[in-house]
Amino acid sequence: MSACVPTRTDSKRTQRIHRPHSPPSTPPRRFRIAGADVSAAIAVFLIALPLSLGIALATGAPLQAGLVAAAVGGIVAGRIGGSPLQVSGPAAGLTVVTADLIQRYGWRTTCAITVLAGLAQLGLGCLRVARTALAVSPAIVHGMLAGIGVTIAVAQLHIVLGGTPQSSVLANLRALPAQLAGLDPAAVAVSAMTLTLLLLWPRIPGRAGRLLRRVPAALIAVSGATAAAALAGLVLPKVDLPSWRSHALAGLPEGPALGMVAAVLTTTLVCSVQSLLGAVAVDKLIATRPGGPARVGRSDLDRELLGQGAANIVSGTLGGLPVAGVAVRSSANVQSGAVSRNSTMLHGVLVVVAALLMVPILELIPLASLAALVMAVGIQMVSLHHIRTVTRHREALVYAVTTLGVVFLGVLEGVTLGIAVAVAVALRRLTRTRITHDEKEGVHHVHVRGQLTFLAVPRLSRALHHVPQGSHVVVELDGSFMDHAAYEALQDWQKTHTAQGGTVELTGRRVATGTDPGTADPDATSTGTGTGTGTGTGTHADTDTVSAPHTAHPTLHLGSARAECQCRPWTPWRNHRCEVPRLAPPTAASGQHPGRHPDRQPGQHPSRHPDRHPDRHGDAPRPTEAGQTTDPSVLTPLGGTSAPAAPLGGRQLVHGITAFQRNTAPLVRGELARLAKEGQRPTQLFLTCADSRLVTSMITSSGPGDLFVVRNVGNLVPPPGEESGDDSVAAAIEYAVDVLHVRSITVCGHSGCGAMQALLQSDPGQTQTPLRRWLRLGVPSLERMADDRRPWPRLAGRAAADAVEQLCLTNVVQQLEHLRAHESVARALRSGELELHGLYFHVGEAQAYLLQGQDEGVVFDHVGAVDLTA
């Protein structure tokens with residue numbers, strides 16, 4: 001390896017890296033629609049057309065009203081809204097509300113209510129309160145949708161059987177036996193065929209199935225049933241689209257003022273909540289689809305509310321149904337590869353064209369087929385996944401009350417009942433505190449589960465009263481909040497018990513030490529540093545171990561879980577350092593200077609000790625008295641010599657495992673149990689350096705089962721067949737691609753890489769140690785950097801800071817080339833099943849840069865500004 005640093009002063013390269021400050025002249029922009037948007041618009045249009053007619057049928061509105069709402073939702077909400085890929089239109093969640101309004105006030109007044117609801121949405125959007133809609137419990141939202149789904153399914157069942165639905169769920173249920181006795185065989189046959197095609201079409205196996213599934217199942221189901229009915233000559237009620245000249249527009253609202261206000265509020269609530277939750281769901285779909293966000297930004301919820309309000313105003317004025325974000329069409333839009341709001345708007349244009357030019361074809365569709373389609377949508381709104389989720393979170397009561405309230409009372413009434421029950425459940429959980437007392441091997445344990453408020457003080461005092469004087473007590477605080485009254489009661493009892501010769505250990509989720517003999521400073525713990533006494537007044541009791549105030553009592557007991565670092569895992573990483581504890585004064589046994597750890601070199605700062613734990617923050621325990629410290633390994637109980645301290649690394653390991661078992665394990669146990677049962681299914685192979693400063697889960701915000709990680713010195717990928725290479729990396733690549741079927745592989749370099757520094761400083765005459773033999777795999781990166789014909793990779797907005805950073809960037813690009821040479825990777829790339837990404841993490845800036853482009857002008861750009869599909 002060459003020992004010289006590649007230094008080039010190519011004038012052309014300098015011009016390429018350092019661009020002039022004045023922006024170059026750009027040609028005038030022309031409106032273009034991406035091919036992905038066109039194909040996505042067609043797919044969404046084919047789904048929206050039958051669904052819009054079916055929802056209009058279910059509400060009892062003119063069938064053309066569904067087409068108007070679909071067109072306006074696509075064009076107006078698509079253009080103005082804040083969620084580019086969310087598709088708006090007549091939604092199944094609004095069916096019950098709209099049907100009730102039409103029955104009470106008539107169609108023209110319902111259109112006026114839609115306009116007023118749109119104005120209300122505009123007002124809410126201007127007030128920027130969209131985020132507050134997300135505060136509604138998911139159990140209420142899912143319960144509302146389930147109740148609406150049940151109502152839709154029961155009503156459409158009558159049309160499927162050849163009859164006419166009644167005005168309410170109870171009336172439909174009472175009329176069902178008579179309807180079954182007089183069912184229409186032709187309507188049942190058409191409906192059965194629609195449901196069969198709807199169910200089986202997505203399950204066609206093989207390559208042919210993958211091609212056929214590109215055509216929406218809803219379109220196939222309605223088209224197939226329509227064709228079968230026409231060929232069989234069945235006489236059935238069909239779609240009747242009157243002339244647009246006779247289409248009814250909005251009129252002046254007529255009805256009681258209170259009823260009108262309630263109707264507007266109900267429509268506004270349902271439209272807004274469904275649209276905002278849909279926008280959040282669309283963001284998640286975009287983030288998880290292959291290729292990532294792909295130039296699509298996150299939703300602006302306030303702007304989305306404005307767009308929905310404008311769409312409702314236009315739709316109501318033109319005689320259309322209320323508009324909201326629709327999950328089925330939005331998910332189809334995302335899955336079809338849409339990259340901008342042009343797909344949503346183009347789908348609306350296609351609906352307009354169909355409404356004007358395809359009337360003869362639409363009038364061939366049997367109403368029974370549309371009813372079966374909408375009934376299937378209603379059944380799908382009762383999601384078993386949602387039921388399991390709310391049950392797991394102990395909110396099944398809220399879900400059930402909301403669902404039944406919507407079914408039997410109405411949407412607004414059901415949601416109001418759900419909110420009331422959710423508030424009651426939350427208050428019950430806040431006030432429910434379980435306090436137990438038992439004795440094990442002479443130690444009394446008082447366990448407090450739940451929030452410790454003034455309501456629990458009598459029970460806490462009763463449990464503490466049963467503790468004998470002079471005994472050792474462990475009080476376990478298993479909650480997240482303690483108010484002032486509970487704090488005062490606990491501290492008063494603690495002082496009294498220790499004064500009578502007893503010892504007290506308070507354990508929770510924050511480590512604290514006794515620093516003030518005989519006193520308790522409630523403010524000391526309110527800052528969250530873990531250096532004070534007690535639990536803090538009115539603060540969150542997120543404590544690990546809280547000791548009693550330090551006294552001179554010889555039997556003072558400190559929790560074994562408390563070690564030299566007062567730190568918590570899974571918390572914001574601020575002041576993230578752990579200082580080594582000060583030791584007792586030198587003794588004949590140890591001969592050590594006070595405050596110096598046996599493993600620390602003279603002059604080394606305690607916060608830079610090489611063995612510090614990577615998952616903690618806070619200050620070191622403070623000495624309490626001369627010759628004493630709160631570290632149990634060096635405490636001098638009787639003022640004598642301290643026992644030899646255990647190795648720091650061992651104590652940190654034990655403390656870290658203890659903290660994990662106590663704090664983190666309960667949070668991840670359910671997910672890890674699922675992964676243990678189902679096996680790992682990571683979507684990414686992450687190949688990075690072994691540097692301890694690179695925490696892959698932190699950089700990628702990933703959890704258990706998300707990443708298949710390979711780490712080595714210098715994030716090197718040995719080319720296949722490399723002599724004296726390393727089969728472990730190749731084996732990991734083959735396993736990830738061929739067995740785990742990961743969708744992407746990321747090679748991640750970082751600033752200040754020691755391997756790259758060693759490459760630059762290497763000497764060919766040095767002894768070939770295992771490390772130097774391994775670093776030979778980085779020689780191609782050195783050669784690439786020295787090659788004048790290849791552009792230097794750079795960071796967005798600036799050139800590399802020095803030669804080491806330049807080599808780090810070049811190494812990422814070179815290792816991606818090595819990666820492509822592996823057969824399994826090349827095969828997956830050819831089939832389009834795999835993507836490769838380059839990543840550079842600047843440790844000092846805490847900034848990740850993604851590689852963009854593989855040709856002239858290779859740039860590592862800020863994450864969020866990069867097109868991952870490029």
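Every heavy atom of this structure was used, including side-chain atoms; hydrogens, water molecules and symmetry mates were not. Everything numeric here is computed off the predicted structure, so don't read it as measured data.
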Can you find a heavy atom in the side chain of [X] that is under 4.5 Å from one in the side chain of [Y]?
{"X": "Thr98", "Y": "Thr110", "result": "yes"}
{"X": "Ile152", "Y": "Met375", "result": "no"}
{"X": "Ile42", "Y": "Val38", "result": "yes"}
{"X": "Leu176", "Y": "His158", "result": "yes"}
{"X": "Val415", "Y": "Thr266", "result": "no"}
{"X": "Ile140", "Y": "Val398", "result": "yes"}
{"X": "Leu219", "Y": "Ile47", "result": "no"}
{"X": "Leu197", "Y": "Val222", "result": "no"}

Please determine whether the number of non-hydrogen atoms from other residues, nucleotides or ligands lying under 6.0 Å from atom [atom1] of [X] exceeds 12.
{"X": "Arg104", "atom1": "CZ", "value": "no"}
{"X": "Leu258", "atom1": "CG", "value": "no"}
{"X": "Arg674", "atom1": "CZ", "value": "yes"}

Take Lys238 and Leu367 through the test side chain to side chain contact (heavy atoms under 4.5 Å, CB included) and record every step on the way to the result.
CA-CA 5 Å; Lys238 294 183 173 61; Leu367 295 182; 5.7 Å; no
Measure the [atom1]-[atom2] distance between [X] and [Y] for me, rounded to the nearest 0.5 Å.
{"X": "Ile361", "Y": "Met358", "atom1": "CD1", "atom2": "CE", "result": "4.5 Å"}
{"X": "Ile387", "Y": "Tyr399", "atom1": "CD1", "atom2": "OH", "result": "4.0 Å"}
{"X": "Gln156", "Y": "Asn172", "atom1": "CD", "atom2": "CG", "result": "9.5 Å"}
{"X": "Thr402", "Y": "Glu413", "atom1": "OG1", "atom2": "CD", "result": "12.5 Å"}
{"X": "Ile220", "Y": "Leu200", "atom1": "CD1", "atom2": "CG", "result": "12.5 Å"}
{"X": "His386", "Y": "Thr391", "atom1": "NE2", "atom2": "OG1", "result": "12.0 Å"}

Is a side-chain donor or acceptor of [X] paired with a backbone partner of [Y] at a separation under 3.5 angstrom?
{"X": "Ser343", "Y": "Ser340", "answer": "yes"}
{"X": "Asn333", "Y": "Leu85", "answer": "yes"}
{"X": "His393", "Y": "Val390", "answer": "no"}
{"X": "Arg341", "Y": "Gly81", "answer": "yes"}
{"X": "Ser191", "Y": "Ala368", "answer": "yes"}
{"X": "Trp201", "Y": "Leu212", "answer": "yes"}
{"X": "Ser315", "Y": "Leu321", "answer": "yes"}

Is it true that the side chains of [X] and [Y] contain a donor and an acceptor less than 3.5 Å apart?
{"X": "Gln86", "Y": "Ser275", "result": "no"}
{"X": "Gln121", "Y": "Ser272", "result": "yes"}
{"X": "Ser83", "Y": "Ser299", "result": "yes"}
{"X": "Thr95", "Y": "Thr59", "result": "no"}

So which heavy atom on [X] is nearest to which on [Y], and how close?
{"X": "Ile55", "Y": "Pro90", "value": "CD1-O, 3.2 Å"}
{"X": "Leu67", "Y": "Val351", "value": "O-CG1, 3.5 Å"}
{"X": "Thr226", "Y": "Ile365", "value": "OG1-CA, 3.7 Å"}
{"X": "Ile80", "Y": "Ala310", "value": "CD1-CB, 4.0 Å"}
{"X": "Thr403", "Y": "Gly143", "value": "OG1-O, 3.2 Å"}
{"X": "Leu305", "Y": "Gly125", "value": "CD2-N, 3.7 Å"}

Quick one, Thr114 with Asn312, criterion side-chain hydrogen bond (donor to acceptor under 3.5 Å, both in side chains). Give me CA distance, side-chain angles, the key distance, then yes/no.
CA-CA 6 Å; Thr114 302; Asn312 274 310; 5.6 Å; no
Begin from the C-alpha positions of Leu63 and Leu57 and carry the test side chain to side chain contact (heavy atoms under 4.5 Å, CB included) through to its verdict.
CA-CA 6 Å; Leu63 296 183; Leu57 173 68; 3.9 Å; yes
Before you tell me yes or no, could you show the steps for Val76 and Met345 under side chain to side chain contact (heavy atoms under 4.5 Å, CB included), namely the whole-Å CA-CA distance, both residues' side-chain angles and the distance that decides it to 0.1 Å?
CA-CA 8 Å; Val76 178; Met345 298 169 61; over 6 Å; no
In sequence, state the C-alpha distance, the side-chain angles, and the governing distance for Val273 and Val141, and then conclude on side chain to side chain contact (heavy atoms under 4.5 Å, CB included).
CA-CA 8 Å; Val273 171; Val141 177; 4.0 Å; yes
